[in-house]
Amino acid sequence: MEKEQYFGVNVSPMDYEEIIADLKKRIQAREKSTIIAVNPEKVMAAEKDPELMNLINGATYQIPDGVGILLASKMKKGSISSRVTGVDMMARLLKFAADDSLKVFLYGAKEEVVQKAAENIHASYPGIQIAGIQNGYEKDEQKVVNKINEAKADLLFVAMGSPRQELWIRKHMDELHPVVYQGVGGSFDVFAGHVKRAPAFFRNLGLEWFYRLMKEPQRFKRQLALPKFLLRVLRSK
């Protein structure tokens, strides 16, 4: 499926089901796949940062995480029909792993967070095989690589914040056993129950950003990227 592009940044128009279906084929062929979330803030940052641009465009799937990407696609009569959020993509992949007997590895965050996330994931996805966990504070990268490889995991979720997590994945992917890689930011905190998502009402209306702004007013400057991005898209039509 042809990707859409916003100021040089690729965005995959596939929804959750299409990504999972495509991943099944790639896993069977042992083709490694990477997933990175894209939002207006990241697009505008990538314009000024060639390395970030290459990092995003080099991924297999650039999921439209921000509502601004969805709105921009509608403005340009694109084919992105819904958001594909990082945390929901992870949830879909966990269910996929449980259903298809694939092993997962959780890497990143604080020890208590990744442990609790693993416990809750076990409870939410019966039969899932969590091959291993590792907090994000181990400084010996080779030790981490060895631990992941010894676990023989198929899917690796890395929670270090973007773009650090994606840079880590790119650096080590060729020497790692897993075939699916996703940088998941603060998703372990959500699965651990330490961070609550916006109520479904806000999420369904694409207003999760507004809910988070109400909860964290200090995010105001970051949220300014959304109207700036949409205005630029409108002018570029």
Side-chain angles (χ1 to χ4, degrees), residues 1-14 19 32-76 78-80 83-90 107-109 136-137 139 141 144-145 156-176 178 180-190 206 208-209 212-213 216-237:
M1 190 176 292
E2 188 174 346
K3 296 182 180 182
E4 297 183 16
Q5 194 171 83
Y6 297 93
F7 310 115
V9 176
N10 291 337
V11 183
S12 305
M14 305 168 81
I19 292 174
K32 295 195 174 185
S33 305
T34 54
I35 301 166
I36 187 169
V38 178
N39 56 37
E41 184 181 6
K42 198 172 289 185
V43 169
M44 295 181 76
E47 267 197 299
K48 304 172 184 177
D49 185 343
E51 183 179 24
L52 179 58
M53 178 84 74
N54 291 333
L55 186 65
I56 296 172
N57 289 347
T60 312
Y61 309 98
Q62 300 87 3
I63 57 175
D65 183 82
V67 66
I69 302 295
L70 173 62
L71 294 175
S73 184
K74 291 184 182 299
M75 290 163 63
K76 294 179 74 70
S79 54
I80 297 173
R83 290 178 66 201
V84 177
T85 70
V87 65
D88 287 324
M89 187 74 250
M90 180 178 171
Y107 171 41
Y137 292 85
K139 294 183 179 180
E141 292 191 6
V144 175
V145 168
L156 174 62
F157 299 101
V158 183
M160 293 180 171
S162 188
R164 182 184 168 205
Q165 59 201 13
E166 287 83 16
L167 288 168
W168 191 93
I169 290 169
R170 185 174 68 178
K171 178 180 178 181
H172 296 288
M173 189 167 66
D174 288 345
E175 59 180 321
L176 286 166
V180 178
Y181 299 79
Q182 184 187 359
V184 295
S187 295
F188 289 2
D189 289 287
V190 175
E208 192 165 6
W209 63 271
R212 293 178 69 185
L213 182 60
E216 304 172 61
Q218 67 272 20
R219 295 176 61 89
F220 178 72
K221 286 187 178 180
R222 288 181 58 186
Q223 296 291 3
L224 287 176
L226 176 59
K228 288 179 181 178
F229 171 75
L230 292 176
L231 184 58
R232 286 194 59 196
V233 172
L234 187 62
R235 288 173 175 170
S236 68
K237 286 183 64 176

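Hydrogens, waters and symmetry mates play no part in the numbers below; they use all other heavy atoms, side chains included.
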query: Taking only residues two or more places apart in sequence, or in another chain, which ones meet D189 in a salt bridge (charged side-chain N to carboxylate O under 4.0 Å, His left out)?
result: none

query: OG of S12 to CD1 of I69: how many Å apart, nearest 0.5 Å?
result: 11.5 Å

query: Does K228 have any side chain to side chain donor-acceptor pair (under 3.5 Å) partners at least two apart in sequence or in another chain, and if so, which?
result: none

field: Partners meeting side chain to side chain donor-acceptor pair (under 3.5 Å) with N10 (sequence neighbours left out)
entry: Q5

- prompt: Got a sec, which residues hit salt bridge (charged side-chain N to carboxylate O under 4.0 Å, His left out) with K3, two or more places apart in sequence or on another chain?
  reply: none

- request: Could I get the full list of side-chain contact (heavy atoms from CB on, under 4.5 Å) partners for L230, not counting sequence neighbours?
  value: L71, A72, M75, L226

- request: Sequence neighbours left out, what passes side-chain contact (heavy atoms from CB on, under 4.5 Å) with N54? Give chain and number order.
  value: none

query: Taking only residues two or more places apart in sequence, or in another chain, which ones meet Y107 in a side chain to side chain donor-acceptor pair (under 3.5 Å)?
result: none

message: Taking side-chain contact (heavy atoms from CB on, under 4.5 Å) as the definition, give me every residue that meets it alongside T34, ordered by chain and number, with sequence neighbours left out.
response: A59, T60, I169, M173, Y181

task: Check whether any side-chain heavy atom of V9 sits under 4.5 Å from a side-chain heavy atom of N57, and report yes or no.
output: yes

- prompt: Hey, is the main chain of A37 close enough, under 3.5 Å, to the side chain of K42 for a donor-acceptor pair?
  reply: yes

message: The criterion is salt bridge (charged side-chain N to carboxylate O under 4.0 Å, His left out); which residues satisfy it with E47, sequence neighbours excluded?
response: R232

- request: Tell me, please, which residues at least two apart from E51 pass side-chain contact (heavy atoms from CB on, under 4.5 Å).
  value: D49, L167, R170

query: Residues in side chain to side chain donor-acceptor pair (under 3.5 Å) with S187, at least two apart?
result: none

